[in-house]
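These notes concern the structure reproduced below.
Just so it is clear: chains get the letters A, B, ... in the order the sequence lines come, proteins before strands, and each one is counted from 1.
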Amino acid sequence: MSEFTNIQASVSRQFKVPADLPKVIFSDPDIYREELQRIFYGKYWHPVAHRAELTELHSFKTAWLGEVPLLIHRGGDDVVRVFINSCAHRGALLEQRACGKAQEFECPYHRWLFDEKGCFRGAPGRKDFRPDFRDEDYGLRSVRVEEFRGLIFVTMSEHTVSLSEFLGDASQPISDAMLDDGRLTLLGYQRVIYQANWKIYIDNDPYHAPLLHSAFRLLDWQGGAGKLVTTDPEGHMCILYQVQPYKDNGFLKDPSVVEFKGTDDRARVIALRPVTGITKHIDTINVRFARPLGPDSTEVHYAFFGHESDDEEYAKHRVRQASNLLGPSGFISIEDAAIYNRVHATSGDRGYQHFVKGVGKERAEWTQNDEVSNTVWWAHYRSVMGFDKA
Amino acid sequence: MDTVAAVDKLFARYAAVLDAGKVAAWAELFDEDSSYAVYCAADDERGLPLAYMLDDCLARIMDRVKFVDEVWRGTVEPYRTRHIFQRTELESVGEETLRAESNVLVAYTGKNDVSGLLCSGRTEDIIRIRDGEALFKERKILLDGTPSRYLVYPI
């Protein structure tokens, strides 16, 4: 009997309903290892880049899916391919730069060469290789790729449903956040490591009550009137609302940083399961690429974008706002950051987290600030991990 | 006081007030038309304009003080810091104006935690001397990598 089987039985006895979460699921290392297999390498699509990060033909970016290194490359044929970033020979990390341009990749260890389609192209000493060596058996391993509005998704499973089926009703809010055509420009990144389990991060990032935000009160921002969309079975959660113009109440000496200067007043906050946050708020466009580093730690790359049509003044405004508002040290989002860590800090106390607001209401009556909306995901998680077998 | 001594005093004061948690006093080390920004060095080299903190006028610097002192105090996890600056460049670039560069290391300690390195990087500064006193006109901080935790206070 595996270590996970033991903890699975124990958790199943505690995890009776999706609204009451046994905290052990946030701290147990065997559960984390199993999550990598069932979720990160399972039947899910994971956003790993946006085309705006691959600005030219032959551009590449490296990233991680769980513990799997990825090489994301835009070929000369404008096709984005994603490979396991590991030499097919002895497994050295093939490309160690975060980004760049390349038409071929050479491993420094034994000088094996791969083209941008991942094919083996040669190596010193080729004539002495094992008799059954065939070039076609030693290409880079590739993973399934699909794109939506410039977002590049990968899945490690051959059995994952199509991307459009996976996204379901979350497609439209994501399309809105990508400004319909996905023709975004990269403004840059804010990178952070939270001392929190990946599920705590995504459970508390896109959705949380505005009560958390002291800044909302001081800036007279109180939401709650937005439309809520949740999908089955994964429980993607989307909040749709309209940007409200900032009314200067004198709190800020420079209110320009929070002003809405665009014309597209669609605001979107999306929790894309399992672990990606996507937001379009005021004039910021943000994809939060998250990666678990273990049961107790999550790395998030906040990638902020503009649009190809932005004029110089608007682009500058986007940079000011993105740099100061909704990143890990942003005026608003820093309070979220604190909560991830503070929630995780108690995950070893053998207790429970509870959802209460809106629980018991019909789904059609759920509102933006009802925390019940997260329970669709938790019902799915409970099933996928086999915690519903008590 | 000579120019170098004034700059040394500014750097020392900068570290001292931040490490004492006196963010309002930190803001007083900036001139009237000043700016303060924290970037990732690798992204800056790529020409990406996004920052971790971007205060491109004194009003924004003053607003940052307000958030640290008034808005976030009850929510964020506080930490102590020790800022170590080592100046690597100092040259005159105009009347009463200097350009400086320095390396920076910041250690941090949460409540009852083990101390650790919050971040490393370097600074690019424009400094003005007025009546013998040095103030920052521009302070640009370029971080070498990902900070060990989310940043609450200016660096």
Side-chain angles (χ1 to χ4, degrees), chain A residues 53 55 97-100 185-195 212-219 251-258 284 286 299-306 315-316 318-325 327-342 345, chain B residues 27 35-79 110-114 116-119 140-141 143-155:
Chain A
E53 299 174 85
T55 50
R97 291 172 290 176
C99 61
T185 55
L186 178 65
L187 302 181
Y189 305 92
Q190 294 170 339
R191 301 174 183 86
V192 68
I193 296 171
Y194 294 122
Q195 307 311 314
L212 166 64
H213 290 299
S214 310
F216 276 11
R217 291 194 294 278
L218 294 165
L219 298 171
F251 180 72
L252 296 176
K253 288 184 181 297
D254 176 17
S256 68
V257 76
V258 296
T284 67
N286 184 208
E299 180 181 56
V300 185
H301 289 191
Y302 291 68
F304 282 92
F305 300 94
K316 184 179 177 187
R318 283 202 201 267
V319 169
R320 292 182 89 233
Q321 199 166 71
S323 296
N324 287 309
L325 225 55
S329 296
F331 282 0
I332 305 300
S333 296
I334 196 172
E335 294 178 307
D336 306 349
I339 286 305
Y340 312 144
N341 290 1
R342 289 176 67 160
Chain B
S35 64
Y36 168 78
V38 180
Y39 295 94
C40 167
D43 292 347
D44 186 65
E45 288 160 9
R46 285 176 67 185
L48 298 174
L50 191 79
Y52 278 95
M53 303 181 195
L54 180 54
D55 301 336
D56 53 6
C57 59
L58 187 59
R60 293 276 312 108
I61 291 172
M62 299 302 291
D63 283 338
R64 182 166 303 284
V65 173
K66 206 165 190 176
F67 273 86
V68 172
D69 279 350
E70 298 178 30
V71 181
W72 301 335
R73 191 168 283 279
T75 307
V76 298
E77 302 150 292
Y79 55 90
K111 187 180 179 184
N112 301 323
D113 279 349
V114 175
L117 182 67
L118 179 64
C119 61
K140 180 177 179 180
I141 296 178
L143 300 181
D144 292 329
T146 304
S148 297
R149 52 156 293 160
Y150 63 93
L151 302 172
V152 178
Y153 314 110
I155 291 167

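- Summarising the geometry of B:A51 relative to A:S323, their closest heavy-atom pair is N-OG, 2.9 Å, with the distance given to 0.1 Å.
- Remark: side-chain polar atoms of A:K253 are not paired, donor with acceptor, to backbone N or O of B:I61 under 3.5 angstrom.
- Heavy atoms of A:V192 lying under 4.5 Å from chain B belong to its backbone as well as its side chain.
- Ring geometry for B:Y150 against A:Y194 counts as tilted: the plane angle lies between 30° and 60°, on a 0 to 90° scale.
- The structure places SG of B:C40 at 10.5 Å from CD of A:Q190, a figure rounded to the nearest 0.5 Å.
- B:W72 CH2 to A:S329 OG: the interatomic distance, rounded to the nearest 0.5 Å, is 7.0 Å.
- Annotation: side chain of B:L50 is not in contact with side chain of A:F305 (no heavy-atom distance under 4.5 Å).
- Sequence neighbours left out, not one pair with a member in residues 145-154 of chain B passes salt bridge (Lys or Arg N to Asp or Glu O under 4.0 Å).
- With a 4.5 Å cut-off on side-chain heavy atoms, B:F67 and A:N324 do not count as touching.
- Under the 4.5 Å side-chain criterion, counting only non-hydrogen atoms from C-beta, B:R46 is in contact with A:L186.
- When A:V319, A:I339, A:L187 are compared by the number of non-hydrogen pairs under 4.5 Å with chain B, A:L187 comes out ahead.
- For the options B:E77, B:M62, B:M53, B:R64, heavy-atom pairs under 4.5 Å to chain A are most numerous at B:E77.
- Taking each heavy atom of A:R191 and B:P147 in turn, the nearest pair found is O-CD, 3.9 Å.
- The candidate with the highest count of non-hydrogen atom pairs below 4.5 Å against chain A, out of B:V76, B:V68, B:L58, is B:V76.
- Atoms OH and OH, on A:Y189 and B:Y52 in that order, are 12.0 Å from each other to the nearest 0.5 Å.
- A search for side chain to side chain donor-acceptor pair (under 3.5 Å) contacts involving A:S256 returns A:D254, A:R320, not counting sequence neighbours.
- Comparing B:D55, B:V38, B:T146, B:D63 by how many heavy-atom pairs each has under 4.5 Å with chain A, the most go to B:D63.
- Smallest separation of non-hydrogen atoms from B:T75 and A:A338: O-CB, 3.4 Å.
- Separating the CG atom in B:L54 from the NZ atom in A:K316 is a distance of 9.0 Å, to the nearest 0.5 Å.
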